[in-house]
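As structure tokens, the structure follows; a few thoughts come after it.
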Amino acid sequence: NMVNQIHSFETLSFQPMKGFASPHLQTVFSTLFSKGGDAPPSAPFFIPLDDGDTLHCLLSTPATWEPSNKTIILIHGLGGSHESNYMIRM
């Protein structure tokens with residue numbers, strides 16, 4: 001089970017580009033002016049929740065990734081997807 005393989009979390013700091021401290025400005029700018037390219041190949045997996053709902057996840061693994069490397073979890077908003085420019089750019 002993918003969830004059981006998660007051992008620990010490390011919070012990374014985030015420094016927005018100068019002049020883009022507002023999260024709203026970051027969203028608008030990246031939506032209008034960013035060309036993210038194509039979404040990477042992804043494999044779906046599902047996490048059942050206690051309330052009967054299911055969390056749908058996509059796992060994108062770079063070709064050069066190794067198990068000793070860190071993993072980053074990106075979560076998009078309700079109007080986004082793994083194909084959104086801001087998600088691809090990350």
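Fair warning: this is a prediction, and the values are worked out from it, not measured in the lab.
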### Query
Tell me the salt bridge (Lys or Arg N to Asp or Glu O under 4.0 Å) pairs involving residues 43-53, sequence neighbours left out?
none

### Message
Restricting to salt bridge (charged side-chain N to carboxylate O under 4.0 Å, His left out), what partner residues turn up for K18, sequence neighbours left out?
### Response
none

Below 3.5 Å, can you tabulate the donor-acceptor pairs from side chains in residues 63-75 to any protein atom, sequence neighbours excluded?
unit_1, atom_1, unit_2, atom_2, d
W65, NE1, K70, O, 3.3
N69, OD1, E66, N, 3.1
K70, NZ, E10, OE1, 3.0
K70, NZ, E10, OE2, 3.2

### Same apolar cluster (I L V M F W Y, side chains within < 4.5 Å links), L58/I47
no

### Task
Taking ring-ring contact (aromatic ring centres under 6.0 Å, His included) as the test, write out the residues that go with H56, two or more places apart.
F46

### Task
Could you name each residue pair satisfying salt bridge (Lys or Arg N to Asp or Glu O under 4.0 Å) that touches residues 75-84, not counting sequence neighbours?
none

### Residue pair C57, L55: steps toward the side-chain contact (heavy atoms from CB on, under 4.5 Å) verdict
CA-CA 6 Å; C57 303; L55 186 61; 4.0 Å; yes

### Summary
Minimal heavy-atom distance between A21 and P16, with the atoms involved, is CA-CG, 3.9 Å

### Message
Could you report the tightest heavy-atom contact between H76 and H82, atom names first, then the distance?
### Response
CD2-N, 4.0 Å

### Query
Partners of S22 by side chain to side chain donor-acceptor pair (under 3.5 Å), sequence neighbours excluded?
none

